[in-house]
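Working notes, structure below.
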Amino acid sequence: DTAVSQTPKYLVTQMGNDKSIKCEQNLGHDTMYWYKQDSKKFLKIMFSYNNKELIINETVPNRFSPKSPDKAHLNLHINSLELGDSAVYFCASSQGSSYNEQFFGPGTRLTVL
Amino acid sequence: AQSVSQHNHHVILSEAASLELGCNYSYGGTVNLFWYVQYPGQHLQLLLKYFSGDPLVKGIKGFEAEFIKSKFSFNLRKPSVQWSDTAEYFCAVNAVRGGKLIFGQGTELSVKP
């Protein structure tokens, strides 16, 4: 059973397109996150939701819009994709705030051409 | 602002060699500390964590880490590495009041058989 799952695993698209990445966790956690890992493997948090409420919103272009329909799901929609958006996007979840252990999904490798 | 620094970008060892990966953070308050590992093509997995108590913590696969508060350090160690330890290692820190998990830039470990 996959604890944190993401779809799709790979996403190749043209500049200017709109795309979504989905994340689901079956751990019963109440907090979910989106991270971006750049080409140098640097991981940075983008968003965090607790019980469907946004609690962390880093300096991310407003082309990125997270949505949490329920505690188990956190989706990421990206409008007007740019070359610089190419990265691996990781979803994660934890129980309570981020000072508890976070469980990561397998990642979505986004390539913008 | 919080930051995490990992001393080595790329470490190359032969099997059975001892490993120590450095991690320093900048934050004066109470912190929770983590080491995550990312095997090639896989998601991040927790190796070990420190919340409080004994500053020497043991994790999975024979890894351990020592929290030295006076040095703001949380170095990862393993007495004898194996080829299967080849991976990217990330140190991460969460200031209990800060609400965000901050990652270091990662250290790539290559173990030669």
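Heavy atoms only: backbone and side chains are in, while hydrogens, waters and symmetry mates are out. Chain A is the first sequence line, chain B the second, and so forth, proteins listed ahead of strands; every chain is numbered from 1.
A distance-only check finds no donor-acceptor pair linking the side chain of Y36(B) to the backbone of F104(A) [under 3.5 Å].
Residues V4(A) and Y49(A) do not share a hydrophobic cluster, clusters being chains of Ile/Leu/Val/Met/Phe/Trp/Tyr side chains in contact below 4.5 Å. Both Y25(B) and L21(B) are assigned to one and the same hydrophobic cluster, defined by single-linkage of ILVMFWY side chains at heavy-atom distances under 4.5 Å. The hydrophobic clustering, which links ILVMFWY residues whose side-chain heavy atoms are closer than 4.5 Å, places W34(A) and I55(A) apart. Hydrophobic clustering of Ile, Leu, Val, Met, Phe, Trp and Tyr side chains at less than 4.5 Å, counting indirect connections, unites V4(B) with W35(B). Follow the hydrophobic side-chain contacts under 4.5 Å out from I78(A) and you never reach I56(A); the two are in separate clusters.
Considering CG of N94(B) and CG of N100(A), their distance stands at 9.0 Å, rounded to 0.5 Å. Of the inter-residue distances, the one linking K41(A) atom NZ with Q38(B) atom CD reads 5.5 Å to the nearest 0.5 angstrom.
The two residues L101(B) and Y35(A) have their closest heavy-atom pair at CB-OH, 3.6 Å.
In this view, K49(B) and E101(A) satisfy the salt bridge (Lys or Arg N to Asp or Glu O under 4.0 Å) rule, not counting sequence neighbours.
At a 4.5 Å heavy-atom cutoff, the contact between I45(A) and chain B is made by side-chain atoms alone. Contacts between E58(A) and chain B at a heavy-atom distance below 4.5 Å involve the side chain alone, from C-beta outward. For a residue to count as touching a neighbouring chain, one of its non-hydrogen atoms must lie under 4.5 Å from one of that chain's; by this rule Q45(B) does not touch chain A.
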Give the table of side-chain donor-acceptor pairs shorter than 3.5 Å for residues 59-75 of chain B, with sequence neighbours excluded, one pair per line with atom names and distance.
residue: K61(B); atom: NZ; partner: Y39(B); partner atom: OH; Å: 3.1
residue: E64(B); atom: OE1; partner: K58(B); partner atom: NZ; Å: 2.9
residue: E66(B); atom: OE1; partner: R77(B); partner atom: NH1; Å: 3.2
residue: E66(B); atom: OE1; partner: R77(B); partner atom: NH2; Å: 3.4
residue: N75(B); atom: OD1; partner: C23(B); partner atom: N; Å: 3.0
residue: N75(B); atom: ND2; partner: E20(B); partner atom: OE2; Å: 3.2

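Contacts with chain A (heavy atom to heavy atom, under 4.5 Å) involve these residues of residues 86-93 of chain B, listed by number: E88(B), F90(B). Contacts between residues 103-113 of chain B and chain A, defined by a heavy-atom separation under 4.5 Å, are made by F103(B), G104(B), Q105(B).
Atom NE2 of H9(B) sits in a sparse spot, with 12 or fewer heavy atoms from other residues, nucleotides or ligands closer than 6.0 Å.
Ranked by heavy-atom pairs under 4.5 Å with chain B, the list K44(A), K40(A), Q37(A) is led by Q37(A).
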